[in-house]
Amino acid sequence: MYPLLSSGPATETLRMEKVIVAMQDPDMGMKMRNQRLLITVIPHAMTGKDIIDWLMQNYNINEEESLHLGGFLVQYGYIYPLKEPRCLVLRPDESPYRFQTPYFWTSTRWPVSELDYAIFLAKKNIRKQGELMEYEKERYSVLHKRINHTWDFVVMQAREQLRASKQRRKADRIVTECQEQAYWLINRPPVCPLSPFIETCRRALGRNRVKSSICLEGSYSEQYQNHDPIMQGCLPSNPWISDDTAHWTMNAALVPIPTRLRVERWSFSFMELLSDAMGRQEFMMYLEKEFSAENLCFWQACEEIRHGESSKIVEKVEEIYKNFLAPGAARWVNIDSKTMDKTLEGIKHPHRFVMDDAQMHIYFLMKKDSYPRYLKSDLYKSMLSKAIVPQETKKSVFPFVRRQRHSSPSPAQAAEDSRSKGPQAGSD
Amino acid sequence: ILFIFEQYFCHIVLSPLIPEMATQEVQLNETLAHLKSESESLKSKLEEERAKLHDVELHQVAEKVEGLGQFVMKTRRTLKGHGNKVLCMDWCKDKRRIVSSSQDGKVIVWDAFTTNKEHAVTMPCTWVMACAYAPSGCAVACGGLDNKCSVYPLSLDKNENLAAKKKSVAMHTNYLSACSFTNSDMQILTSSGDGTCALWDVESGQLLQSFHGHAADVLCLDLAPSETGNTFVSGGCDKKANVWDMRSGQCIQSFETHESDINSVRYYPSGDAFASGSDDATCRLYDLRADREVAIYSKESIIFGVSSVDFSLSGRLLFGGYNDYTINVWDVLKGTRVSILFGHENRVSTLRVSPDGTAFSTGSWDHTLRIWA
């Protein structure tokens with residue numbers, strides 16, 4: 001991924017070469033002809049316009065994209081200009097171009113180490129047939145495919161080196177062979193840790209899979225389409241386009257009256273409701289009416305353990321036990337006895353995940369019971385009916401006059417302000 | 001006689017080395033060969049199982065969905081200020097602030113709406129490949145060739161040097177490729193060139209869990225937006241995308257269909273699937289319940305690798321930043337390319353959709369960041 005850290009020709013050059021080969025295909029490739037360069041006639045050439053037309057037709061792309069792609073073919077040296085050879089630009093006109101000979105393709109210019117290793121393997125292969133190890137045979141064939149156009153060069157070099165080494169003293173030759181073998185033993189590509197992979201495979205074979213027709217049927221995208229600002233726009237306007245931050249102001253964490261789209265989203269899933277500060281607030285109010293608010297409080301407290309500082313785990317677990325789990329606790333939560341026993345046992349040695357089972361139990365209780373009833377409740381319905389549907393901002397009469405972009409207090413500022421105001425300041 | 005003795009002597013001295021090395025090597029290679037064949041047969045059995053339940057293609061299901069119209073997206077802001085390649089960026093939960101990091105060691109916090117720079121830190125290393133905004137908006141994390149992930153609380157005192165309050169959290173044995181806070185400022189998930197991912201407690205710097213299983217550098221990660229919030233996906237140079245259980249450290253699912261390094265992974269908003277972008281010039285979609293790849297987003301004319309991907313809010317669109325300086329917009333359901341965006345003058349290295357989906361931001365080797373909407 002990072003050129004400084006990778007080993008091998010960039011993968012795009014290989015795909016580029018595929019394009020170049022397709023362009024030179026005898027049937028479907030480009031029609032080349034003689035191009036005039038001043039008084040000289042150059043054979044097997046094409047014009048910039050030819051290149052662009054071919055790319056447009058064969059890859060079903062427009063002119064802009066074709067020019068962009070063709071530009072890289074020239075930049076990377078696979079096609080070179082006959083006029084102004086030092087200016088590696090694709091011109092969409094009658095300028096003449098030619099294909100570069102494969103000997104000069106970028107992939108062959110790759111760092112010496114690949115070539116060296118190929119030569120080393122070729123030598124071993126020539127010296128004694130069948131002397132290559134299993135992994136070396138693999139690498140040999142991979143390299144043979146990858147740098148196929150320089151393979152003659154590789155074999156030539158290997159033969160030359162073998163011939164030269166025969167002239168040396170046997171002792172030196174043996175030493176050199178050992179050194180080489182040792183070097184490549186260390187520097188060859190690392191072996192994949194197979195055992196963990198095999199474990200994962202075995203486990204994967206045992207897992208339950210769902211039919212594609214069921215998985216893919218999901219209509220998440222459709223449900224959220226109206227809420228996707230990039231797809232459907234947003235009201236009153238997209239701040240990035242209009243420079244007006246009204247959309248953000250109207251959808252701030254806690255507002256007197258939320259927007260309709262926002263309240264609708266609470267009905268999409270329980271998680272949507274809980275992840276919206278206002279939604280959670282409303283849901284809490286509802287639960288209070290139903291005398292089951294302790295469930296949400298318990299869930300929130302458990303979340304704080306899961307995502308909080310390691311150092312506070314013990315004290316938070318104690319707090320939860322005192323408030324929610326102990327017999328006669330002020331806000332006792334109703335968990336099944338099996339989960340309760342397991343949790344109480346775990347509390348003796350508190351850790352980050354000790355509340356997980358109990359938390360999940362209460363979560364699914366709320367999700368299956370309180371949440372659907374909340375959506376049918378007057379509280380929710382009235383919120384939905386009084387929710388705002390913002391007016392779409394009419395485009396400015398003077399579209400070229402830019403609105404002033406106002407800055408906003410940074411979250412770091414807000415946190416500092418509430419800290420300096422003291423413990424009486426409201427929580428976020 | 002001297003000549004013969006010399007040869008004989010050298011042979012005695014050197015030959016013990018060769019057979020020993022040879023036997024060890026033979027043993028090692030035999031075990032390897034055995035393991036290799038076992039893993040190959042398991043792999044093909046797994047593919048068979050997966051294929052059994054594959055009764056329909058995504059684009060077939062998507063036939064009844066309405067097609068998308070023309071898309072007009074433009075650069076709405078250009079953030080200039082980095083002196084070198086921008087490598088990574090992340091949004092603040094306030095939907096307008098951004099943190100970005102670059103090759104020259106600079107980490108900048110911007111109000112992307114006004115394009116004002118609010119904070120700047122110079123890291124002691126170059127190639128800051130990873131940066132992340134804390135959920136509270138009060139800190140940023142970053143790292144790269146220093147093999148660490150450090151957290152900087154954002155101070156508002158203009159005179160205070162942010163580097164003074166820096167906290168070293170993660171320590172890897174190779175470069176840091178990605179980092180992300182979990183649901184709070186208290187934990188960070190990292191991935192590294194050392195082939196592992198790790199979960200850290202920010203306060204103490206303690207390693208909470210490590211994740212082993214990639215056979216090469218891990219380049220990217222993303223946390224699952226699930227109800228139980230316990231998994232994440234990572235992608236690496238071994239062409240694998242692995243799904244992990246954060247509690248146990250186990251790899252629970254693995255996908256290997258890409259033909260080259262996976263540079264970016266991102267969950268579909270429902271959490272049931274994730275997309276990946278790779279040097280093989282394709283983006284792919286993997287469904288977690290079907291346990292297989294369900295879509296490939298590619299075009300013959302797209303020959304450069306994908307550096308980063310992200311979904312629009314509804315998950316209908318997939319944005320990919322490419323090494324040929326462009327952004328391709330894909331219809332996730334139908335598998336077609338909706339739009340191509342030009343603008344950057346060098347490779348797009350990072351791309352993220354804003355938290356409320358109103359825009360997406362890109363960072364590039366052309367030293368700038370752009371906001372598109």
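Chain letters run A, B, ... following the sequence lines, proteins first and then strands; every chain starts at 1.
Using a 4.5 Å cut-off between heavy atoms, B:N242 makes no contact with chain A at all. Contact annotation for B:E57: only backbone heavy atoms (N, CA, C, O) come within less than 4.5 Å of a heavy atom of chain A. Interface residue A:E64: backbone and side-chain heavy atoms are both found under 4.5 Å from chain B. Using a 4.5 Å cut-off between heavy atoms, B:I371 contacts chain A through its side chain alone, with no backbone atom that close. Using a 4.5 Å cut-off between heavy atoms, A:S269 does not touch chain B at all. Heavy atoms of A:Q75 lying under 4.5 Å from chain B belong exclusively to its side chain. Proximity to chain A (any heavy atom under 4.5 Å) is restricted, for B:R337, to the side chain, taken from C-beta onward. For B:D287, the part lying under 4.5 angstrom from a heavy atom of chain A is the side chain only. For A:L69, the part sitting under 4.5 Å from any heavy atom of chain B is the side chain, from C-beta outward, and nothing else. Proximity to chain A is limited to the side chain of B:F342, based on heavy atoms less than 4.5 angstrom apart. Heavy-atom distances place both the backbone and the side chain of B:D324 under 4.5 Å from chain A. Neither the backbone nor the side chain of B:D185 comes within contact range of chain A; no heavy atom of the residue lies under 4.5 Å from a heavy atom of that chain. If you measure heavy-atom distances from A:R352 to chain B, the contacts under 4.5 Å come from the side chain alone. Only the side chain of B:I340 comes within contact range of chain A, with at least one heavy atom under 4.5 Å from a heavy atom of that chain. Looking at B:K299, the atoms closer than 4.5 Å to chain A (heavy atoms on both sides) all sit in the side chain, from C-beta outward. For a residue to count as touching a neighbouring chain, one of its non-hydrogen atoms must lie under 4.5 Å from one of that chain's; by this rule A:W240 touches chain B with backbone and side chain alike. Interface remark: B:S136 contributes backbone atoms only to the contact with chain A (heavy atom separation under 4.5 Å). Using a 4.5 Å cut-off between heavy atoms, B:A112 contacts chain A through both its backbone and its side chain. If you measure heavy-atom distances from A:F72 to chain B, the contacts under 4.5 Å come from the side chain alone. Contact of A:F364 with chain B is made through the side chain alone, with heavy-atom distances under 4.5 Å. With a 4.5 angstrom heavy-atom cutoff, B:Q206 touches chain A only via side-chain atoms. The contact between A:K367 and chain B is made entirely by side chain atoms (from C-beta outward), counting heavy-atom distances below 4.5 Å. Heavy atoms closer than 4.5 Å to chain A are found nowhere in B:Y322, neither backbone nor side chain.
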query: Going through the checks in order, is the side chain to side chain donor-acceptor pair (under 3.5 Å) test met by A:S310 and B:E203?
result: CA-CA 8 Å; A:S310 291; B:E203 200 190 28; over 6 Å; no
task: Assess whether side chain to side chain donor-acceptor pair (under 3.5 Å) is satisfied between B:T358 and A:N238, documenting all intermediate values.
output: CA-CA 7 Å; B:T358 48; A:N238 187 320; 4.6 Å; no
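Pairing each heavy atom of B:R97 with each of A:P411, the nearest pair is CD-CD, 3.8 Å. B:L285 approaches B:A273 most closely through the heavy-atom pair CD1-CB, 4.2 Å.
The pair A:R265-A:D276 does not meet the salt-bridge criterion, since no charged nitrogen lies less than 4.0 angstrom from a carboxylate oxygen. Salt bridge status for B:D111 with B:R96: present, with a side-chain N to carboxylate O gap under 4.0 Å.
The side-chain hydrogen bond (donor to acceptor under 3.5 Å, both in side chains) check on A:D356 picks up B:R247, with sequence neighbours excluded. B:K45 pairs by the side-chain hydrogen bond (donor to acceptor under 3.5 Å, both in side chains) definition with nothing, not counting sequence neighbours.
Highest contact tally toward chain A, considering only B:R50, B:E66, B:E49, B:Q187, is held by B:Q187 [criterion: heavy-atom pairs under 4.5 Å]. With respect to chain B, the highest number of heavy-atom pairs below 4.5 Å among A:L274, A:N58, A:V210 belongs to A:V210. Among B:V353, B:T114, B:D272, the residue with the largest count of heavy-atom pairs under 4.5 Å with chain A is B:T114. For chain B, the option among A:S407, A:S408, A:S311 with the highest count of heavy-atom pairs below 4.5 Å is A:S408. Top candidate by heavy-atom pairs under 4.5 Å with chain B, chosen from A:M16, A:H68, A:H247, is A:H68. Between chain A and the residues B:A216, B:A139, B:C251, B:A134, the largest count of heavy-atom pairs under 4.5 Å involves B:C251. For the set B:C92, B:S204, B:A290, the entry with the most heavy-atom pairs within less than 4.5 Å of chain A is B:A290. Contact tally against chain A (heavy-atom pairs below 4.5 Å) for B:P153, B:S314, B:G137, B:S312: the top residue is B:S314. Considering only heavy-atom pairs separated by less than 4.5 Å from chain B, the leading option among A:H406, A:K18, A:E303, A:M360 is A:H406. Of all the listed residues (A:R209, A:Q223, A:E65, A:K211), the one sharing the greatest number of non-hydrogen pairs under 4.5 Å with chain B is A:R209. No other option in B:C138, B:A373, B:G357 has as many heavy-atom pairs under 4.5 Å with chain A as B:G357.
Within 6.0 Å of NZ in A:K316 there are more than 12 heavy atoms belonging to other residues, nucleotides or ligands. Within a 6.0 Å radius of CG in A:N208, other residues, nucleotides and ligands contribute 12 heavy atoms or fewer. Heavy atoms of other residues, nucleotides or ligands lying less than 6.0 angstrom from CD of B:E300 number 12 at most.
Between the side chains of A:W248 and B:D94, no donor-acceptor pair is found at a separation under 3.5 Å. Judged purely by distance below 3.5 Å, without hydrogens or angles, the side chains of B:D279 and B:N263 pair a donor atom with an acceptor atom. A side-chain donor-acceptor contact under 3.5 Å links B:Q253 and B:D291. A donor-acceptor pair shorter than 3.5 Å cannot be found between the side chains of A:Y224 and A:Q232. Looking only at atom types and distance, the side chain of B:S260 has no donor-acceptor partner in the side chain of B:D280 under 3.5 Å away. Of the N and O atoms on the side chains of A:S221 and B:Y268, at least one donor lies less than 3.5 Å from an acceptor on the other residue.
A:T249 contributes a side-chain N or O that, together with a main-chain N or O of A:T245, makes up a donor-acceptor pair within less than 3.5 Å.
Counting heavy atoms from C-beta outward, A:F353 and A:I313 have side chains that stay 4.5 Å or more apart.
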